[in-house]
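Contents: one structure, followed by commentary.
Numbered from 1 within each chain, the chains take letters A, B, ... in sequence-line order.
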Amino acid sequence: MGERIFIGVAWPYADGPLHLGHIAGAYLPSDIFARYHRIKGNEVLMVSGSDQHGTPITIKAEQEGKKPEEIANHYHQQFLDSWQKLGISFDLFTRTGTANHAEVSHDFFLTLLNRGYIYKATVSQPFCPHCRRFLSDRYVEGTCPYCHFSGARGDQCDECGKPMTPAELIDPRCKLCATTPQFKDSEHFFFRLSAFQDRLLAWMKGQTHWRQNVLNFTMRYVEEGLKDRAITRDIDWGVPVPLDGFEGKRLYVWFEAVIGYLSATKEWAKSSGDEAKWRSFWQGNEAKSYYFIGKDNIIFHTTIWPAMLMGYDGLNLPYDVPANEFLTIEGSKLSTSRNWAVWLPDYLSRYEPDPLRYLLSISMPETGDTNFSWREFVRRNNDELVATYGNLVHRVLTFVYRNFDGSVPTPGEFDSRSQAVIDMAKDTLNTVDRLLSQCHFREAMRSAMSLAQDTNRYLEEKSPWKVIKEDKQAAATALYVAISVISCLRTALYPFLPFSSQKLHRFLGFEGSVEDDGWQPHFPSPGQKLLPPEPLFSKLDEGLIEEEVSRLGHVTHNL
RNA sequence: GGCAGCGUAGCUCAGUGGUAGAGCAGAGGACUCAUAAGCCUUUGGUCGUGGGUUCAAAUCCCUCCGCUGCCA
């Protein structure tokens, strides 16, 4: 019996398209991890969904004269399309707007309320009489009381960086209509996060396998002292509060969206026909839960969500939260408002998925921010993916196909050099296995690529194209060894490059899918029929660099 | 403002006490199965600055400069 692995991935906010930062931060690593565990034969459940609620979507809807659900649905469909094209293999990608999610959220809310972890309190909130709604902090603007900057927001001043509340602003105004807001009392629910301080600290001290940056950051945050947090808002777009007298309020998205991990699992179980199946991933010690997120989401997944789970009781806490750092674009911080971003649908409309998966894997922001540049993208594709790996596969398969009747050649005795190459292929499979199980994606990819490079050296030494003229058996042996290594690369690279691995699987004459073949050094049998080989990857024209760079920074629309 | 991280070859990045590393780019070479790809050799860094600890520091400590993140 294999392991059971739950993979929760950050819920993308459905008010705009995905960009490369999202992919490098959460979606690609989670997919690599999921594919790795599936090919190992482990039971995997990978879920996420669109985060559809909250103020920004309602604002965008108003600006575009649409309903919030239209905006949310549009991006939800776009997300699904992107997952399919990029090969992000969710078992379920749902949304927070389902009846199921509301039901699970209500259960969570009421359970925490009954246990005393949620309480009611009155707060003073800015209300815009013209827009006729309560304003969230960042939708109130005014003059900063510290530096007198006129464009300060209700949560912070961009000029001097000081944090504040809307009530502190001089001459506050509604960001949307510039009307002066009134402050009104409003009754809200709060999550008693402070009650979990000691339990969280004790729990965290046991999480020595977490990434150092995640652990340090979380510990510091908790040690500073946890404060209770409001979990309801005065808006009408979201999951309703399941109590009479709160019809005009909704659950705050930060509270409700994380519950999505559980509600998605329950939805998945229902549609599988076995409603109780969700328990196998959430209860008992058989399953490990991993949460893949960007570093901006660390606290929610290492502190707040665990506290909610502790309060609810009886559900598994996160086993690991391998949060990634950020991606910069052409050396500058990513910014959606300045359109300094590479949008995923845009990328996928012009390029193949595997080159991007390769680049983001080999330079994944695991331990620090990394930079994406189009020059680097073209270089990594042309000089590494195509030249080292793609060309290795192509030179071997075309030569064998032409000289050995389109079949895997029958090898003779292995000399020590050939045996060493075979051993190295097996070792690499083990190394990649270990590294992936520890979420060291970049190292794992490097290890696989260095096997491809060593195999190119081996071929050079054996020169089957020369040797074949006088000793066909010797050439056959060298080529058999090379094909065997390639077969291992097909497996080792599958989590990273699923599309090309599957193609290679067929070229080598295997049936079915790479995934069903399992994580093992499965060498082709002598005599096995090959398919006519084609290049796995294509070179990219350097001209695209300038073209793509020039797109950056220009405000576009219709994404 | 407080806290934290980063600053290593032209570029992208590894490297947490013991004679500076990889890939790519640059230079030279032999080969030709392959997407003019692959292979061999080679140029190149006083590891941001200034101090300190140590037999020994890119690696530990402090100052400063620059960038980034979190608190927000």
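- The gap from the C1' atom of B:A58 to that of B:U49 amounts to 14 Å, rounded to the nearest Å.
- Exactly one of A:Trp210, A:Phe292, A:Tyr261, A:Trp11 qualifies for a ring-ring contact (aromatic ring centres under 6.0 Å, His included) with A:His301. That residue is A:Tyr261.
- Note on A:Glu548 versus A:Arg350: salt bridge recorded, some NZ/NE/NH1/NH2 to OD/OE distance being below 4.0 Å.
- Within the cation-pi definition used here (under 6.0 Å to the ring centroid, within 45° of the axis), A:Arg250 does not qualify as a partner of A:Trp237.
- Ring planes of A:Phe510 and A:His505: parallel class, angle under 30° (limits at 30 and 60°).
- Rounded to the nearest Å, the gap between the C1' atom of B:A57 and that of B:U16 is 10 Å.
- Going from the P atom of B:A25 to that of B:G18 covers 32 Å, rounded to whole Å.
- A:Phe537 comes within contact range of at least one nucleobase, with a heavy-atom separation under 4.0 Å.
- When heavy atoms are screened at a 4.0 angstrom cut-off, A:Thr398 is found touching the sugar-phosphate backbone but no base atom.
- With a cut-off of 3.5 Å on both Watson-Crick or G-U wobble distances, the partner of B:G26 is given as B:U42.
- Looking at the side chain of A:Arg395, the nearest of the listed nucleotides B:C33, B:A37, B:U32 is B:C33.
- The nucleotide B:U35 finds no pairing partner, because no Watson-Crick or G-U wobble arrangement with both distances shorter than 3.5 Å includes it.
- Ionic pairing of A:Arg357 and A:Asp31 is present here: one or more N-O contacts between side-chain nitrogen and carboxylate oxygen are shorter than 4.0 angstrom.
- Rounded to a whole Å, the OH atom of A:Tyr389 is 15 Å from the C1' atom of B:U35.
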Is there any protein nitrogen or oxygen under 3.5 Å from a nitrogen or oxygen in nucleotides 2-6 of chain B, and what are the pairs?
unit_1	atom_1	unit_2	atom_2	d
B:C3	O2'	A:Arg220	NE	3.2

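- Position along RNA chain B of the nearest nucleotide to A:His394 versus A:Thr388 favours A:His394 as the more 5'-ward residue.
- With both ends at atom C1', the span from B:U53 to B:C71 equals 34 Å, rounded to whole Å.
- Nucleotides B:C39 and B:C24 place their P atoms 8 Å apart, quoted to the nearest Å.
- In this structure, the CD1 atom of A:Ile483 is 13 Å from the C1' atom of B:C33, given to the nearest Å.
- Side-chain proximity of A:Asn456 to the nucleotides B:A34, B:C13, B:C39 is greatest for B:C39.
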Considering only distance and modelled atom types, tabulate donor-acceptor pairs under 3.5 Å from the side chains of residues 387-400 of chain A, sequence neighbours left out.
unit_1	atom_1	unit_2	atom_2	d
A:Arg395	NH1	A:Asn456	OD1	2.8
A:Thr398	OG1	A:His394	O	2.6
A:Thr398	OG1	A:Arg395	O	3.4

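- In terms of modelled atom types and a separation under 3.5 Å, the side chain of A:Glu325 and the main chain of A:Lys295 share no donor-acceptor contact.
- Within the 4.0 Å cut-off from OP1 or OP2 of B:A37, at least one side-chain nitrogen or oxygen of A:Lys539 is found.
- Each of A:Leu536 and A:Asp383 lies near RNA chain B, and the nucleotide nearest A:Asp383 is the one positioned closer to the 5' end.
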Check nucleotides 20-23 of chain B against the protein and report each pair of N or O atoms closer than 3.5 Å, with its distance, or say if there are none.
unit_1	atom_1	unit_2	atom_2	d
B:G23	O2'	A:Glu384	OE2	2.9

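- OP1 or OP2 of B:A34 has at least one side-chain nitrogen or oxygen of A:Arg402 nearer than 4.0 Å.
- Residue A:Phe399 and nucleotide B:C33 are not classified as a stacked aromatic pair, given the requirement of ring centres less than 5.5 Å apart at an interplanar angle below 30°.
- Searching all strands for a Watson-Crick or G-U wobble partner of B:U49 with both distances below 3.5 Å returns nothing.
- The same atom, C1', is picked in B:G23 and in B:A14; the two are 10 Å apart, to the nearest Å.
- At the heavy-atom level, A:Pro464 lies nowhere under 4.0 Å from the strands shown.
- Rounded to whole Å, the P atom of B:C61 lies 12 Å from the corresponding atom of B:G17.
- Counting any heavy atom pair closer than 4.0 Å across all strands shown, A:Thr370 reaches sugar-phosphate atoms only and no base atom.
- Taking every side-chain heavy atom of A:Val386 into account, B:U35 is the closest of B:C33, B:C13, B:U35.
- Both the sub-6.0 Å distance and the 45° axial angle are satisfied by A:Lys472 relative to the ring of A:Phe404.
- As judged by a 4.0 angstrom heavy-atom cut-off over every strand, A:Leu359 is placed among residues making no nucleic acid contact.
- Base pairing annotation: B:G66 forms a Watson-Crick or G-U wobble pair with B:C6, both donor-acceptor distances under 3.5 Å.
- To the nearest whole angstrom, the two C1' atoms, one in B:A20 and one in B:C13, are 15 Å apart.
- Heavy-atom minimum distance, A:Asn324 versus A:Ala24: ND2-O, 2.9 Å.
- Between A:Lys503 and A:Glu534 no salt bridge is recorded (no basic side-chain N to carboxylate O distance below 4.0 Å).
- Nucleotide B:A20: unpaired (no Watson-Crick or G-U wobble partner with both distances less than 3.5 Å).
- Using N1 to N3 plus N6-O4 or O6-N4 for Watson-Crick, or N1-O2 and O6-N3 for G-U wobble, each under 3.5 Å, B:C71 pairs with B:G1.
- Using a cutoff of 4.0 Å between basic side-chain nitrogens and carboxylate oxygens, A:Glu461 and A:Arg457 are not scored as salt-bridged.
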